[in-house]
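A note on names: the letters A, B, ... follow the listed sequences, proteins ahead of strands, and every chain is numbered from 1.
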Amino acid sequence: MIEINNLTKTYSGNVHALRGVTMTIGSGMFGLVGPNGAGKTSLMRILAGLLRPSSGSVNVFGHDMTTSQGKQATKALLGYLPQELGLYPNLTAREFLDYIAILKGVTDSSTRKRQVEELVEMVRLSDAANRRLKTYSGGMKRRIGIAQALLGTPKLLIVDEPTVGLDPEERVRIRNLLSDMASRCTVILSTHIIEDISHSCNDLAIINKGGVLFRGNPSDLITRARGKVWTILTSGERPNNGLAVVSTLQLHNGVQYRVLGTPDAHYNATPVEPSLEDSYIWTMSQSQLPHQEMPIPVP
Amino acid sequence: MKNIAKWAHSRAPLRNTIIILSLFFALSVGATAVLADEHFPRFEPDACSFGEVARIECGWVVVPEDYAEPDGKTIRLAVAILKTNNRNPAPDPIVYLSGGPGGGVVEFAPLQSTFMVDMLLNRDLILFDQRGSGLSQPALDCPELLEMVFQQTELSAEEKLQPVSECYERLEKEGVNLPAYNTLNNAADVDSLRTALGYEQINLLGGSYGTRLALTIMRNHPDGIRSVILDSSVPAQQNTFVSIGENFDHALQTLQDGCNADLLCRAFYPDIRGTYYQLFDQLNESPISFEIKNPLTQQFQTVYVDGYGLADMVFMGLYSRDSIQRVPATLYSTLNGDYTILESVAQPPIQTSSMLSYGMFFSMMCADSTANISQEQIIDAADQYPEAIAMRQSILGEYGFGACALWNVPPVTNNSAPVISDIPTLVLAGQYDPITPPAWGQQVAENLSNSFFIEFPGVGHGVTNNPCPMNFAAAFIDDPTRQPTSGCVENMRSLQFVIGSDRIRPVALIALILIGGVALWIIGTGAAAIRRQPGQIAWRAARRSMGWIPVIVTGLAVVAFLLPEQTPGAMPWSERVRVIETLIPLAIGIQAALLFSPDDEPALEVLLACPRKISWVLLERLAVVLIAQTGIALVGIALTLALVNDADVSLTLVRWIPPALFLSGVAVYATLKSRVMAFGMVIAGLTWFAFSIFGEALLPGQPTLWPLNYVLPFLWPIHPYLQPDSLTIGDYWLNRAFVTVVGIGLLILGIYQLRDEEYVLLGARGIKKQKEA
Amino acid sequence: MNTSLVQLGKMTYYEFRMHWRGRALLVVMLAIAVMNIFSIWIFSSNTLPIELDMTYAAVGLISAPLTLTLAVLLPIIISDTIPKDQQYGVRELLDTLPVPHWVYLGGKLLGMWAGVLLGLFAVMVVNGIFYHFTIGALDLRLYIEMWLVAGAALLVINGSLGVLIPVGQPSRRRAVILMVALFVLPFAFAGQIFDTASLLAYINPIRPAIVLYYIANMGEQVSGNLTAFTSNDVLLTIIAGLIELTLVGVLAWGWLRWKENRA
């Protein structure tokens with residue numbers, strides 16, 4: 001259980017990364033979505049013990065993250081895959097994993113060896129495991145990143161944008177890996193690719209500008225947007241008047257626009273079932289309106 | 001000749017007679033003149049005793065031994081004329097009157113020409129050895145006395161006077177007219193020298209006894225004297241035997257006042273006089289002896305110091321600026337049992353004594369100073385000033401007076417009234433002068449109507465050895481009507497009193513215990529953590545990150561510097577015993593700077609998210625470096641011990657460890673504080689360079705520039721490259737411990753920078769606002 | 001050709017700006033200025049055992065921090081100029097652009113020269129003014145000569161070596177280690193090499209002739225026996241340095257070409 005209460009984080013230069021975030025995260029896969037600069041990485045880093053909260057409280061499995069003992073205790077249960085993963089270019093994959101295992105406290109060398117082998121197998125890098133890391137492709141580096149996060153049987157896995165820059169096959173592979181892990185531990189997945197969430201998370205939060213815009217499960221998010229998603233087939237102008245265009249499809253008899261909002265009657269719009277992406281964009285667009293500037297804390 | 005005869009015959013006989021008579025007259029005058037030159041004073045050019053030197057001409061001035069008997073025996077005074085480079089020199093040279101009396105100067109003419117280069121700018125400089133001294137013939141040396149001084153054993157008062165009478169009897173037997181060697185005749189010699197060399201006017205430059213001589217000349221032979229410079233004056237009306245106690249007492253008080261004006265000296269040396277008394281008594285009870293190397297003979301000599309020896313040392317120590325600075329430190333440290341400073345200021349006795357002709361000294365001094373003085377007067381005067389008890393053994397005190405009793409020359413009675421003159425005179429005096437105090441200079445100036453008196457602070461006896469007074473003298477001679485002024489006088493006021501290492505020792509010891517205690521506790525905690533979970537050290541990763549190139553390079557460097565034969569005159573830090581101490585710490589320091597820099601560490605975030613503290617990464621890499629370099633060091637030490645015959649094994653084994661730890665601490669702290677590896681390396685390199693190359697200049701007592709003189713005394717405990725023979729052995733080990741502890745302390749401080757993950761990740765600016773929010 | 005010159009000019013401009021945005025150059029210039037001011041201040045507050053002609057003393061006093069910093073410190077601190085590109089991945093981008101190798105190297109060098117020269121000029125003026133107000137008049141011709149020879153020449157030679165030698169290094173750290181090895185080790189041979197005007201002294205990267213010649217230039221009274229180096233040796237050292245620089249420049253350019261052809 002992760003309890004976050006009124007968490008604030010401010011950087012020098014008056015940058016408010018997080019403003020009064022309050023939420024609880026249970027077991028399973030939890031998705032954290034939001035645009036770039038929303039505060040996702042700051043929240044991840046605070047949960048991983050890398051940053052200190054400016055104010056508020058964070059409790060991870062009962063450990064208070066504002067104290068150093070709490071941080072130490074949490075790190076022992078933690079697997080962390082940062083957004084920018086640096087690797088030692090001259091170490092081989094096995095050596096690197098062995099090193100991180102020691103750092104995580106797997107001091108017994110036979111246990112360590114076993115874990116490294118298991119994980120190398122799990123991320124399907126057994127063939128390349130003795131090559132130096134500088135020869136690895138981007139996808140392979142990510143997989144090693146996941147492998148190192150899984151060392152030491154963590155109870156909490158924090159993964160920050162794991163699929164950025166990967167091809168669809170790699171993305172699927174990593175998603176499956178993480179889903180498998182979700183059955184054994186809490187996984188917090190931060191991303192701005194909605195697809196990653198839709199296929200695996202049953203609990204998510206949308207963050208923007210340091211505040212929580214939505215907290216709930218995917219179907220609740222979709223419900224929010226129900227009745228707000230339409231398709232408009234026209235050969236004339238592109239629809240506007242406060243409508244957000246989600247996609248544009250060239251058909252033989254005109255252009256089919258998928259829009260969000262309430263279109264005027266003359267558009268002949270057809271309502272459709274919202275996808276998760278639609279709902280996300282709808283939620284984001286609603287938060288820009290003046291009367292909805294303050295983030296809505298959702299229990 | 002034939003033509004003249006023919007011409008003479010062709011003219012009138014009267015004219016012939018006149019011509020012949022004129023010729024005859026000229027011849028006879030010439031003959032008389034030549035015959036007169038056979039008398040005195042005359043100058044006989046001759047080769048210089050030190051060989052041919054450009055712009056120095058030598059010769060002899062022949063004068064009567066006794067001016068009361070002008071046709072009697074003659075003596076020869078050695079003269080050296082130093083010519084100026086100036087194309088239009090002034091016609092009046094400077095004649096230098098040396099002190100002592102009995103100090104020879106012609107032999108050292110080439111050296112003098114460098115010291116007195118300012119005097120040579122516009123006019124010639126004439127050096128001469130006064131009658132009975134130096135190279136003059138006869139020279140009244142007393143080898144018997146030198147032998148006694150050389151032997152340095154305990155003798156009774158009578159035993160010490162024995163050589164004096166031996167010398168006296170010998171000189172008498174050789175036919176020397178000792179009573180003729182007095183200041184009056186000496187003054188006449190100078191006038192003779194002037195006429196013999198053909199100068200209408202001369203300038204006099206006299207120091208110490210030379211001022212007494214100069215004043216006598218001003219009184220008795222004022223014609224031909226253009227200007228006079230008196231340096232550390234002896235007024236005609238004063239008597240050194242009587243006033244030695246008072247003068248020394250005054251000088252000690254001035255010393256304490258001067259020390260009190262210096263912040264550090266006042267703090268560390270509050271009671272110089274009391275310490276002097278204590279030490280005087282202590283040394284008389286149990287004298288000390290030690291070996292020092294005679295710089296002239298390059299041989300080791302035993303120097304034997306009792307209370308009276310100490311008194312002499314302090315007395316002579318107040319002469320020059322350099323040694324004045326050391327007097328308080330010498331007294332306090334010797335009293336504490338630390339003889340390093342004492343050994344550094346002690347001079348082999350033979351060196352100072354052999355430059356004086358004691359026969360001439362006694363003849364002059366006894367004739368000048370025994371008129372109307374009795375033994376009781378001297379003792380009474382001494383009793384008023386306890387310091388004078390020390391001077392009893394001195395040649396300027398009771399001992400000297402006792403010697404005069406044996407040196408049977410009649411006192412001069414007509415040279416004791418104050419000299420009154422209007423010859424332009426510059427009177428210079430030194431603040432700390434123990435024998436001819438500034439008050440004496442003022443007394444002399446009072447009776448000289450055209451005189452300027454200047455007291456120079458921060459110096460003692462013989463002020464013209466310093467550039468500022470020398471400039472004054474040169475400016476005055478160029479224009480004796482104007483008083484020279486300059487800001488350089490005030491600059492001389494502040495002395496850099498040496499603070500001995502013994503004073504700093506307790507401070508260093510306390511600091512060592514405090515810092516060392518804290519460091520030990522922290523290390524202990526860390527060691528306990530390691531013991532709990534030994535598997536935590538990631539040796540392999542650490543080894544891979546540090547690499548093997550530094551090992552190879554250091555190994556090669558060590559071999560390259562150890563094996564070749566040492567060239568004499570190479571830098572001191574490249575001698576064999578110091579190679580390991582110099583190279584290994586540098587290698588460790590440079591690598592220490594490269595151990596861990598947050599900005600350059602690839603997997604920093606992952607490392608920070610692991611439960612093991614990030615500082616362990618740095619420590620295990622440092623351990624790898626230390627282990628590798630220790631290996632090389634041990635090999636190098638084995639080589640050193642094999643190549644150097646009498647190396648101290650235990651010292652060689654450990655002397656490199658403190659600088660290694662110190663430099664690694666400096667490097668790590670610099671890198672972590674600046675977050676840039678290059679800075680850490682540069683600072684470590686600069687520290688190594690500064691302390692190893694300039695090591696000697698950073699010892700206490702070395703000359704330095706203000707305000708660094710406030711820092712210098714405290715530098716030795718932290719000096720990573722202190723050598724075992726620079727201070728006492730105890731101080732050396734204290735320094736080793738201190739340097740080690742400081743290095744470890746810096747290491748701990750550096751690692752302390754890594755305690756906060758956020759700081760490591762973002763740097764200082766990232767969290768600055770944190771504190772405000 | 002025109003494009004290349006424009007590229008060169010722009011590269012120089014941005015390199016210049018980047019140098020002054022970073023901390024390294026500022027620190028080096030401040031170090032020189034502060035050390036000089038410190039020396040001048042101490043010098044003016046003390047009586048010295050020898051009389052010095054003050055107009056020349058300016059040169060002797062402040063030449064040591066200047067020459068040593070430029071000869072030893074600058075190459076080390078500037079050594080990550082090219083490896084930084086590699087480490088941050090900018091090189092990959094640059095390789096895809098139509099920038100000739102000589103423009104790349106030239107831009108790096110010119111940018112560095114411009115940056116350091118500006119700093120040197122400022123320090124020269126500041127130090128000169130401070131000297132003037134603290135001690136007195138100084139010989140302008142000698143002063144400027146020192147800044148030109150000991151300053152600008154050393155900058156061009158040693159600074160450029162600092163940029164060019166590490167051209168093949170993959171990371172900042174390796175670059176710094178390499179430069180330290182090249183520029184610190186010669187100090188260990190100080191006793192053997194420094195005092196003799198020999199070929200070894202001319203090619204010695206820390207330029208002992210220039211350093212010692214200007215330190216010793218404190219007026220006739222002092223400079224007599226202090227060093228065996230004359231102004232001829234300074235000239236020869238500069239020539240040797242320029243030859244070294246040309247060689248290294250050609251090697252660096254060649255290495256870039258070879259790498260491009262290999263990849």
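In this structure, chain C has no heavy atom under 4.5 Å from any part of B/Ser597. Looking at B/Leu594, both its backbone and its side chain come within 4.5 Å of chain C, counting heavy atoms on both sides.
A 6.0 Å sphere centred on OH of C/Tyr14 holds no more than 12 heavy atoms belonging to other residues, nucleotides or ligands.
Within the 4.5 Å cutoff, no side-chain heavy atoms of B/Met677 are placed close to those of C/Val176.
Atom CG of C/Leu73 and atom CZ of B/Phe679 lie 8.5 Å apart (nearest 0.5 Å).
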